[in-house]
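Written out below as structure tokens is the structure these notes cover.
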Amino acid sequence: MRLNEWNIWEASPDPIPEDRPACRRWERAILLAVSGDLPPRPARTLDRHLNRCSDCLREYQLARRRREICLELALQRGKHLTDHQKGHWKGQSLWARIESAIGSPGDSNRPDPFIPSPQDRRESGRNESARGTHRGWAARLRRRSFVAASLLAAAWIAFHFSEGFSEGSRGFATPQGEERWAAQWNQFVSYVEPQGEFPRDFFSSDPKSSEFPVPEVIDF
Amino acid sequence: MESFEERAFWVAFHMVGHEEDARDVVQDAFIRAYAAISQFRAGRRFFTWFYRIVLHLAVDCLRKRGERTRSQEAAPDRMAREDGLADSLIREEYAGRVQDLLQHLPPRVRAILVLRDIEGVSAKDIADVIRSNPATVRWWLFLARKQFRCEWERRYGKEGPCD
């Protein structure tokens with residue numbers, strides 16, 4: 001059996017008893033939020049829910065405590081190995097060869113094998129917010145302002161270019177736009193017959209007898 | 001500060017639950033990594049590649065012994081310390097409970113919990129280890145923690161760790 005052959009559906013544990021008071025639909029978010037694996041937005045939603053639901057808050061505290069106990073296993077283990085035991089296996093000499101093959105510790109090409117130590121993780125866990133990762137109100141305000149400005153800009157661009165583009169390409173979004181464009185087009189291409197009798201005094205040399213002033217030069 | 005080799009040993013130990021088997025797994029992993037170092041692509045993180053080898057060998061070790069667990073084995077020299085501090089003893093007791101409980105979980109669940117909750121490997125790096133994507137790893141992590149909680153509550157009660 002290889003790692004990529006694992007069937008995760010076989011790993012489904014027994015369902016939680018129905019009489020469990022915590023909200024079942026928040027279960028996944030709670031279990032992921034204790035280690036900061038929940039994205040910021042769902043984490044804030046969960047945070048608001050925890051402020052209202054004492055049962056889920058209790059579940060969150062229990063899950064967080066269980067994770068701290070798992071970390072305790074990592075903290076306790078290092079005290080029990082002697083130097084003799086540490087050097088027991090032949091990996092020490094092989095590791096030196098592997099290290100030389102992949103690059104020295106200061107080499108920029110060397111992939112960093114850094115993993116935070118259990119002590120560092122415990123300290124960071126103490127310093128972090130009580131309920132996972134949270135951004136400050138200033139960051140939230142900046143992000144919301146950016147989103148609102150982006151939406152306004154997109155709406156303005158859509159409104160500004162929609163008519164010109166749609167009329168030019170005859171791709172109309174609304175029937176009213178098509179009718180307006182058809183009316184303009186017909187007006188442009190149609191020859192309008194003069195209605196009624198042409199005014200006789202239109203080209204009259206006598207400006208006073210003419211309804212319209214006659215210019216000095218008539219340019220046809 | 002634990003060295004890289006020690007951390008690889010502890011990953012193997014938490015997986016197989018036995019000190020000598022864990023040392024064999026790590027030693028075999030070093031040999032295989034050295035033999036296949038040409039397959040390691042530069043620019044990727046070495047420890048994810050190496051942890052993948054360790055986990056494969058640990059799962060193979062469990063399979064060879066028929067998933068037989070040796071849960072009663074304590075951590076190396078666990079009881080040798082006599083500091084007399086109640087708090088320290090409680091912490092050791094909890095650590096022993098976790099180690100014991102891990103051995104009763106399926107290997108896939110155990111691997112996710114060991115890498116994320118005990119070793120502190122990020123979901124992104126775990127995805128690199130098991131050749132998956134972070135979203136799938138988070139789903140596995142949820143299932144693993146759920147199963148860990150069920151097993152913990154079955155053994156020690158719901159309020160166990162918060163007493």
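So that the names make sense, note that chain A is the first sequence line, chain B the second, and so on, each numbered from 1.
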* Asked: Excluding sequence neighbours, so at least two apart, what forms ring pair (Phe, Tyr, Trp, His ring centres under 6.0 Å) with Trp49(B)?
  ->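 Checked Trp49(B) against ring pair (Phe, Tyr, Trp, His ring centres under 6.0 Å); matches are Phe40(B), Phe46(B).
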* Asked: What are the two closest heavy atoms between Cys70(A) and Ile118(B), and how far apart are they?
  ->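 Closest heavy-atom pair between Cys70(A) and Ile118(B): O-CG1, 3.8 Å.
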* Kindly compute the distance separating CZ (Phe142(B)) from CG (Leu38(A)), expressed to the nearest 0.5 Å. =>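 Rounded to the nearest 0.5 Å, the CZ-CG separation comes to 12.0 Å.
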* At what distance, to the nearest 0.5 angstrom, does CZ of Arg67(A) lie from CZ of Arg149(B)? ->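 The distance works out to 16.0 Å.
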Taking the basic N atoms (NZ, or NE/NH1/NH2) and the acidic carboxylate oxygens, is any pair closer than 4.0 Å for [X] and [Y]?
| X | Y | value |
| --- | --- | --- |
| Arg66(A) | Asp117(B) | no |
| Arg145(B) | Glu27(A) | no |
| Glu72(A) | Arg97(B) | no |

* **Side chain, backbone, both or neither of Phe50(B) within contact of chain A (heavy atoms, under 4.5 Å)** =>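 Contact with chain A involves no heavy atom of Phe50(B) at all.
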* chain A heavy atoms under 4.5 Å from Leu105(B): which part of the residue, side chain, backbone, both or neither? ->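 Nothing of Leu105(B), per the 4.5 Å heavy-atom cut-off to chain A.
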* **Qualifying residue, where the test is salt bridge (charged side-chain N to carboxylate O under 4.0 Å, His left out) with Asp37(A) and the options are Lys124(B), Arg138(B), Arg116(B)** =>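 Only match with Asp37(A) under salt bridge (charged side-chain N to carboxylate O under 4.0 Å, His left out): Arg116(B).
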* salt bridge (charged side-chain N to carboxylate O under 4.0 Å, His left out) with Glu151(B): which residues, sequence neighbours excluded? ->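 Glu151(B) satisfies salt bridge (charged side-chain N to carboxylate O under 4.0 Å, His left out) with Arg154(B), Arg155(B) only.
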* To do: Taking the side chain as every heavy atom from C-beta outward, state whether Ile69(A) and Trp152(B) have any pair of such atoms under 4.5 Å apart.
  =>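 With C-beta onward as the side chain, the pair touches.
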* Asked: Do the side chains of Leu31(A) and Leu141(B) get nearer than 4.5 Å, heavy atoms only?
  ->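 Side-chain contact under 4.5 Å: no.
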